[in-house]
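Read through the structure below, which is laid out as structure tokens, and then see the notes.
Excluded from the calculations below are hydrogen atoms, water molecules and symmetry mates; all remaining heavy atoms, backbone and side chain alike, are included. The chains referred to below are lettered A, B, ... by the order of the sequence lines, with proteins before strands, and numbering in each begins at 1.
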Amino acid sequence: AQSVTQPDIHITVSEGASLELRCNYSYGATPYLFWYVQSPGQGLQLLLKYFSGDTLVQGIKGFEAEFKRSQSSFNLRKPSVHWSDAAEYFCAVGPTLYSGGGADGLTFGKGTHLIIQP
Amino acid sequence: GAGVSQTPSNKVTEKGKYVELRCDPISGHTALYWYRQSLGQGPEFLIYFQGTGAADDSGLPNDRFFAVRPEGSVSTLKIQRTERGDSAVYLCASSLDGRKGDTQYFGPGTRLTVL
């Protein structure tokens with residue numbers, strides 16, 4: 001069965017510092033990969049997604065993520081965080097046309113809570 | 001344009017009662033998903049509709065949970081004989097046509113509390 005691991009429950013970063021949030025997945029084949037952000041009282045918003053091709057994906061709000069097949073990882077990065085980036089971040093995987101089986105919905109990790117220090 | 005909306009935003013009920021949660025997807029989106037998010041967890045897939053039919057209900061935890069989408073737009077998630085363990089935020093998402101990898105747009109959720 002597919003699974004997503006976000007090893008860091010909480011991360012604290014100073015405003016202006018760089019950020020990396022870790023995500024590892026377990027899947028039968030290379031899935032589609034997503035990062036979502038959830039702010040208090042708001043719905044999940046897609047930051048970026050990876051399907052194929054270039055392993056470095058650019059997203060909204062200055063975020064990027066790198067897919068590493070050999071490590072089954074899809075880590076999210078931002079060179080300089082802003083106080084408004086404080087939120088919950090979720091990595092997710094979804095089935096591809098070729099992955100076969102599995103649910104049609106996304107499988108999410110447990111999330112990483114990002115705290116920004118002034 | 002309008003995003004995915006869910007009503008009510010909060011629902012408090014007593015153990016054993018029946019509840020209905022409503023989702024209005026983005027206009028024109030044929031695919032609709034329900035997820036459940038328990039405290040401290042990521043969303044967990046429940047069911048996926050393509051048009052009016054449930055294409056994948058493999059995530060429904062048991063037969064107390066049921067969902068419908070009779071006209072291919074609005075969907076209702078129905079929970080019978082609620083239990084305290086059903087307390088969670090129920091999220092709805094829609095996508096344009098449900099193709100693998102299609103972006104899912106999420107609503108704000110309904111927070112269900114079972115006393």
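Interface residue Leu91(B): only side-chain heavy atoms are found under 4.5 Å from chain A. Using a 4.5 Å cut-off between heavy atoms, Leu46(A) touches chain B through its side chain atoms alone. Contacts between Gln38(A) and chain B at a heavy-atom distance below 4.5 Å involve the side chain alone, from C-beta outward.
Taking 4.5 Å as the heavy-atom cut-off, the residues of residues 28-36 of chain B that approach chain A are Tyr33(B), Tyr35(B), ordered by number. The contact list for residues 103-115 of chain B toward chain A, using heavy atoms and a distance under 4.5 Å, reads Thr103(B), Gln104(B), Phe106(B), Gly107(B), Pro108(B) by residue number.
Glu71(B) CD: 12 or fewer foreign heavy atoms inside a 6.0 Å radius. At most 12 heavy atoms of other shown residues, nucleotides or ligands fall within 6.0 angstrom of atom CD1 in Ile9(A).
Residue Phe90(A) comes nearest to Gln41(B) through the heavy atom pair CE2-O, 3.9 Å, listed as atom of the first residue, atom of the second, then distance.
Placement of Tyr89(A) and Leu39(B) in two distinct hydrophobic clusters is found when ILVMFWY residues are connected by side-chain heavy-atom separations under 4.5 Å, directly or transitively. In the hydrophobic clustering of ILVMFWY residues, with side-chain heavy atoms under 4.5 Å counting as a link, Leu46(B) and Val89(B) come out apart. In the hydrophobic clustering of this structure, Ile115(A) does not group with Leu47(A); members are Ile, Leu, Val, Met, Phe, Trp, Tyr whose side-chain heavy atoms approach within less than 4.5 Å, directly or through other members. No single ILVMFWY cluster, assembled from side-chain heavy atoms under 4.5 Å apart, contains both Leu77(B) and Val4(B). No path of Ile, Leu, Val, Met, Phe, Trp and Tyr side chains, each step under 4.5 Å between heavy atoms, connects Ile47(B) with Ile26(B), placing them in separate hydrophobic clusters.
Residues in residues 60-99 of chain B take part in no ring-ring contact (aromatic ring centres under 6.0 Å, His included) pair, two or more places apart or across chains.
Under the ring-ring contact (aromatic ring centres under 6.0 Å, His included) criterion, Tyr25(A) pairs with no residue, sequence neighbours left out.
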